[in-house]
Amino acid sequence: MLHLQDRPRRNRKHPWIRNMIRETTLGPEHLILPLFIFDGEGRQPIESMPGQARLGRSALIEEVGAALSDGIGAVVLFPAEKESLKTPDGAEAYNPEGLVPSSIRAIKAAYPEMIVVTDVALDPYSSDGHDGLVNEDGTILNDETVEILVRQALVQAEAGADIIAPSDMMDGRVEAIRDALDESGHSQVSIMSYTAKYASSFYGPFRDALDSAPKFGDKKTYQMDPANVREALREVDADEAEGADILMVKPAGPFLDVIRAVREHTNLPVAAYQVSGEYAMLKAACERGWLDEKKVVLESLMGIRRAGADVILSYFARDVARWLRDA
Ligand code: PBG
């Protein structure tokens with residue numbers, strides 16, 4: 001016999017004891033469901049994201065109702081805009097009758113209790129596929145872009161968005177949006193900032209879904225270098241000072257250390273986005289029977305929560321809510 005003072009296995013000997021001392025929880029209240037929408041009817045399956053589809057008008061309302069019955073109370077909208085509406089200045093982004101504002105109104109009319117989050121960036125509307133305005137020399141303009149993002153955010157708030165989520169990574173956009181919201185009577189509209197958004201290759205399936213890949217170059221002059229973590233804290237300081245309500249790290253799985261660092265650096269709630277590529281990887285392996293979907297998805301989300309995320313944006317949100325309920 002070993003003479004051990006410490007036997008950590010004693011705390012693992014019974015399911016009740018294991019539950020009693022569990023350090024991290026995961027529930028539907030921690031999840032936001034991203035939805036792709038288009039101007040039309042029906043559902044258009046997204047090949048690189050099995051189980052996900054672009055939703056037409058009535059399909060969107062059905063999906064929101066189904067999400068609520070599953071226990072998911074927040075969605076974030078991403079529009080697949082018609083090619084004919086995409087322009088160099090992305091002006092469709094602030095059309096009050098556009099796809100996003102009209103979808104917000106439709107959701108709020110059918111399900112006023114659903115929290116609606118909206119994305120602020122120009123890529124779905126830009127004929128260049130960039131998040132900001134492109135200068136003649138191919139650089140992405142910052143301050144001129146922020147003016148447009150402010151107009152986009154105001155239109156979304158006017159339509160009834162509860163939380164505005166700027167994903168563009170322009171400098172100074174949180175403060176500009178906060179000021180404009182406050183001045184126009186929307187002081188109760190929240191800002192969830194994509195604070196540390198990396199120039200990641202895990203967004204591929206999302207760009208397929210929206211047909212929004214950059215037409216030239218990459219996003220490295222505005223999104224962050226995946227090698228950096230101190231720089232994320234610099235972005236945290238800026239967004240905090242500019243009035244953000246929730247700070248996001250994106251992607252989630254490959255950046256758990258960044259989530260942890262941000263968690264330790266701020267008192268604001270932290271969100272993390274389990275992006276399209278993370279979804280696609282898990283789905284692909286599970287479809288082949290190489291991984292057990294329910295178990296690995298729950299483990300991946302628990303890992304993101306354990307790293308320090310309060311909120312997780314995940315395409316698995318509805319599945320997770322059902323699995324946890326039926327468990
Ligand atoms: C657009 C935006 C992107 C994602 C969310 N908002 C793509 C990008 O920056 O190129 C990616 C989400 C995902 O991959 O699931 N600004």
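Computed over heavy atoms, backbone and side chain alike; hydrogens, waters and symmetry mates excluded. All residue numbers in this chain count up from 1 along the given sequence. Indexing begins at 1, ligand by ligand and atom by atom, following the structure's order. Just so it is clear, the model here is predicted, and its values are computed rather than measured.
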Undergrad: Is there a side chain to side chain donor-acceptor pair (under 3.5 Å) between R173 and T145 once you walk through the steps?
TA: CA-CA 9 Å; R173 89 283 207 209; T145 296; over 6 Å; no
Undergrad: Compare all side-chain heavy atoms of V64 with those of L35 and state whether any distance is below 4.5 angstrom.
TA: yes
Undergrad: Where on S276 is there a heavy atom closer than 4.0 Å to ligand 1, on the side chain, on the backbone, on both, or on neither?
TA: both
Undergrad: Please write down residue, atom name and distance for the protein heavy atom closest to atom 8 (C) of ligand 1.
TA: K219 NZ, 3.3 Å
Undergrad: Testing the 3.5 Å rule here: is there a donor-acceptor pair between the side chains of E240 and T266?
TA: yes
Undergrad: I need the nearest protein heavy-atom contact for atom 12 (C) of ligand 1: residue, atom name and distance, please.
TA: F206 CD1, 3.3 Å
Undergrad: Report the part of V275 (side chain from C-beta onward, or backbone N, CA, C, O) that has a heavy atom under 4.0 Å from ligand 1; answer both or neither where that applies.
TA: both
Undergrad: For atom 9 (O) of ligand 1, what's the nearest protein heavy atom and its distance?
TA: K197 NZ, 2.7 Å
Undergrad: For atom 1 (C) of ligand 1, which protein heavy atom lies nearest, and how many Å away is it?
TA: D123 OD2, 2.8 Å
Undergrad: Should Y273 be listed as contacting ligand 1, given a heavy-atom distance under 4.0 Å as the test?
TA: yes
Undergrad: Any idea which atoms of ligand 1 are less than 4.0 Å away from a heavy-atom of A121?
TA: 16 (N)
Undergrad: Should you measure from each heavy atom of Q223, which atoms of ligand 1 turn up under 4.0 Å away?
TA: 8 (C), 9 (O)
Undergrad: Aromatic rings Y194 and Y273: how do their planes relate, parallel, tilted or perpendicular, breaks at 30° and 60°?
TA: tilted
Undergrad: Any idea which atoms of ligand 1 are less than 4.0 Å away from a heavy-atom of F78?
TA: 5 (C), 6 (N)
Undergrad: What part of Y279, side chain from CB on, backbone N/CA/C/O, both or neither, has a heavy atom under 4.0 Å from ligand 1?
TA: neither
Undergrad: Ignoring hydrogens, what is the shortest heavy-atom contact between Y125 and P79? Give both atom names and the distance.
TA: OH-CG, 3.3 Å
Undergrad: Is the shortest heavy-atom distance from the side chain of P28 to the side chain of D70 under 4.5 Å?
TA: no
Undergrad: R54: what forms a side chain to side chain donor-acceptor pair (under 3.5 Å) with it, not counting sequence neighbours?
TA: Q44
Undergrad: Evaluate S167 for polar contact with ligand 1, using N/O atom pairs at a separation under 3.5 Å.
TA: yes
Undergrad: Angle between ring planes, F78 versus F206, binned at 30° and 60°: parallel, tilted or perpendicular?
TA: perpendicular
Undergrad: Does K250 have a heavy atom less than 4.0 Å from any atom of ligand 1?
TA: yes
Undergrad: Does anything in residues 1-20 form a side-chain hydrogen bond (donor to acceptor under 3.5 Å, both in side chains)? List the pairs, not counting sequence neighbours.
TA: N19-R22
Undergrad: Which one holds for D168 and ligand 1: side chain close, backbone close, both close, or neither close, with close meaning a heavy atom under 4.0 Å?
TA: neither
